[in-house]
Amino acid sequence: MTITAATDRPSDDRSPNERSSDDRSTVERPSNDRRRTEPSNDRGRDEPSGSGHSAPDRSAVEAALAGLPRVVDLLAARAEEHDRDATFPYQGIEAVHEAGLLTLTVSERYGGPGGTLADTVRVLAQLGRGDASVAVVTACTLLQHAEQARRASWPTAGYRRLLTESRRGPALVNTLRAEPGGRPGELPGTVARRDGSGWLLTGRKTYCTGAEALAWMAVTARTDEPEPRVGTFLVRGESEGLEIDPTWDQLGLRASASHDVVLDRVRVPAELALGLGTPARQDDAEVQLARAWHDLALSAVAIGVARAAESWLVRFLNQRTPANLTEPLGTLPRYRCALGEIEAQLIGAEELVAGLAPRVDRGEPDAVARTGPAHLLATRAATAAVQQAVALTGNPGLSRRHPLERYLRDVLSSRVHLAPDETVLEAAGRAALERGARP
C-alpha cells in the first residue's frame with residue numbers, strides 16, 4: 001500500500017470545485033471535477049471480492065494508523081485559523097484521506113481495509129486531539145462506510161461510484177435527518193414526490209455536518225402518497241436545486257460547516273431511493289448497532305479534545321512560575337492532585353470506550369445496549385476535564401492566544417451529537433427495572 005504524504009499537497013484550502021484535476025488518474029472524473037488521488041489500499045475494487053475464510057489482512061489498517069501522528073500535527077497547526085474564521089478545513093480532510101483514514105471502514109469485500117469500530121475510535125480520538133471539526137466530519141463518512149459493510153443498503157452502482165470518487169480524493173458522506181422544529185417520532189418534513197421514474201425532494205435539513213463539502217447526502221424523507229412511506233434518498237452534493245444555507249455559527253466545532261441544506265425539487269433516480277417503507281419495518285438490531293457505532297465514535301472525538309486540553313495544561317504547569325514562587329506550578333501538590341483528577345477521568349472514559357468497541361465488533365448484545373450510557377459518561381468526563389483545566393489556569397486558559405478556550409468550546413459543542421440526558425438515563429433505568437423483574 002502506498003501512502004501519499006500530506007505535506008506533498010498544496011498548502012491552500014481551496015474548495016473541491018476550485019481544485020485542478022489529477023492527470024495521473026485514469027478513472028473517469030466525476031462531474032464536480034474534484035481532484036482525486038489513488039486510494040491508500042491498492043487492492044481497492046468496485047466489485048465485491050470473493051468470500052474467503054482466511055484471517056483478515058490488517059496491513060492496510062495498520063499502515064493507515066501509522067500515519068496518524070503526522071496527520072494530527074497537520075490538523076493542529078491550522079485548527080485555530082479555521083476556528084477563528086469558521087472556514088472548512090479542506091486541507092485537513094485531504095490529509096486524512098491521503099493517509100487512508102477516511103476510507104478505513106470500507107469493507108474488504110469492496111477492496112477496502114475493513115477497519116473495525118475499535119479501529120475507528122482509536123483514529124477519532126487522535127484526530128480529536130488535532131482538530132475536533134475534522135474528526136467529526138471524518139466520523140460521519142466512516143460511519144456511512146461501516147453501515148454499508150454491515151448491510152449493503154446502497155445499490156451496487158451507487159456505492160461503486162462513491163468508491164471510485166474515494167480513489168481520487170476525499171468523498172465525504174453524511175446522513176441528513178434533523179429538521180428545524182422536528183420532534184422525535186414525527187414523519188420527516190422533507191417530501192419526495194414521484195416524477196416519472198424518479199423522485200423530486202423538497203425540504204430543509206439542519207445540522208448537516210460537512211454540508212458544503214459533501215459528495216453525497218443520504219436524506220431521510222417521506223413520500224407524498226396517501227399512506228406515506230419513509231426512506232433514505234441518495235443525493236449528490238452538486239445536484240440542481242440543492243443549496244447550502246450557511247446557518248452554522250456555533251460556539252464550538254466552528255469549522256465543521258454544519259449548515260442547513262435546502263432541497264427544492266432535487267431529482268433522485270428511483271434506484272437511489274433506499275428502504276422505502278413504514279418506520280415500523282426498520283430492523284431494530286441494525287438501528288441499535290448503528291447507534292452503538294455513533295455513540296462510541298463521537299465519544300472518542302470528545303475524549304481526544306480533552307486529551308489535547310490536558311497536554312496543553314501539562315505544558316502550562318511545567319512552565320508557569322508565578323512571581324511569588326520559585327518553582328513552576330506543577331511542583332505544587334494542589335496542582336498535581338488536580339491534574340491527577342483530570343487524568344483519572346480521562347483514563348476511565350478511554351477504558352470504557354476502548355473496552356466496549358471490540359465487544360460491539362464481536363456482536364455482543366449487552367455491549368451494544370451499553371453504548372448510550374457510555375457516550376453520556378465519556379462526554380461528561382471529557383467536559384469536566386476541560387473545564388477543570390480552564391479553572392486551574394485562570395485567565396490564560398480563557399485567552400484567545402491559547403488553544404484551551406477552543407478545546408472548551410469544542411467539547412461543550414460535542415453535546416449536539418448526544419441524545420438528551422433524560423432519554424439516555426430513562427432508557428437505562430427502564431432496562432434495569434426489566435432485569436430486576438425477571439425471575
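All values below come from the heavy atoms of this structure, side chains included, with hydrogens, waters and symmetry mates left out. What you see is a predicted model, and the numbers here were worked out from it, not measured in a lab.
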Determine the minimum heavy-atom distance between [X] and [Y], stating which atoms define it.
| X | Y | answer |
| --- | --- | --- |
| Ser239 | Val266 | CB-CG1, 3.7 Å |
| Ser299 | Val353 | CB-CG2, 3.8 Å |
| Leu346 | Ala382 | CD2-CA, 4.2 Å |
| Thr105 | Gly115 | CG2-O, 3.7 Å |
| Ala306 | Val386 | CA-CG2, 3.7 Å |
| Gly237 | Met217 | CA-CE, 4.2 Å |

Would [X] and [Y] count as having a side-chain donor-acceptor pair, cut-off 3.5 Å?
| X | Y | result |
| --- | --- | --- |
| Ser413 | Asp410 | no |
| His82 | Thr87 | yes |
| Asp260 | Thr247 | yes |
| Gln148 | Ser107 | no |
| Thr103 | Ser166 | no |

The criterion is side chain to side chain donor-acceptor pair (under 3.5 Å); which residues satisfy it with Arg362, sequence neighbours excluded?
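Arg362: side chain to side chain donor-acceptor pair (under 3.5 Å) contacts with Glu364.
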Ion pair present between [X] and [Y], side-chain N to carboxylate O less than 4.0 angstrom?
| X | Y | result |
| --- | --- | --- |
| Arg359 | Asp366 | no |
| Arg307 | Glu343 | yes |
| Glu81 | Arg84 | no |
| Glu165 | Arg236 | yes |
| Arg370 | Asp295 | no |

Option from [options] for which side-chain contact (heavy atoms from CB on, under 4.5 Å) with [X] holds:
| X | options | answer |
| --- | --- | --- |
| Leu101 | Leu68, Thr138, Val61 | Leu68 |
| Phe233 | Leu176, Leu201, Leu274, Thr190 | Leu201 |
| Thr379 | Leu376, Thr383, Leu377 | Thr383 |

Whether [X] side chain and [Y] backbone form a donor-acceptor pair below 3.5 Å:
| X | Y | answer |
| --- | --- | --- |
| Arg254 | Gln250 | yes |
| Glu179 | Gly189 | yes |
| Thr393 | Pro396 | no |
| Thr371 | Val368 | yes |
| His259 | Trp248 | yes |
| Ser133 | Ala255 | yes |
| Lys205 | Val261 | no |
| Thr220 | Thr232 | no |
| Asp131 | Ala79 | no |
| Arg222 | Pro188 | yes |

Flag side-chain contact, heavy atom, 4.5 Å: [X] against [Y]:
| X | Y | result |
| --- | --- | --- |
| Val123 | Leu127 | yes |
| Leu329 | Phe316 | yes |
| His375 | Leu296 | no |

Under the side chain to side chain donor-acceptor pair (under 3.5 Å) rule, what do Thr209 and Ser256 come out as? Steps first, then yes or no, please.
CA-CA 6 Å; Thr209 300; Ser256 66; 5.3 Å; no
Other residues, nucleotides, ligands: >12 heavy atoms within 6.0 Å of Tyr207 OH:
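No.
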Testing Arg406, Arg78, Arg409 for side chain to side chain donor-acceptor pair (under 3.5 Å) with Asp83, which one passes?
Arg409
Tell me every residue that passes side-chain contact (heavy atoms from CB on, under 4.5 Å) with Val416, counting only those two or more places apart in sequence or in another chain.
none
Taking the six-membered ring for Trp, are His402 and Trp312 parallel (under 30°), tilted (30 to 60°) or perpendicular (over 60°)?
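Plane angle between 30° and 60°, so tilted.
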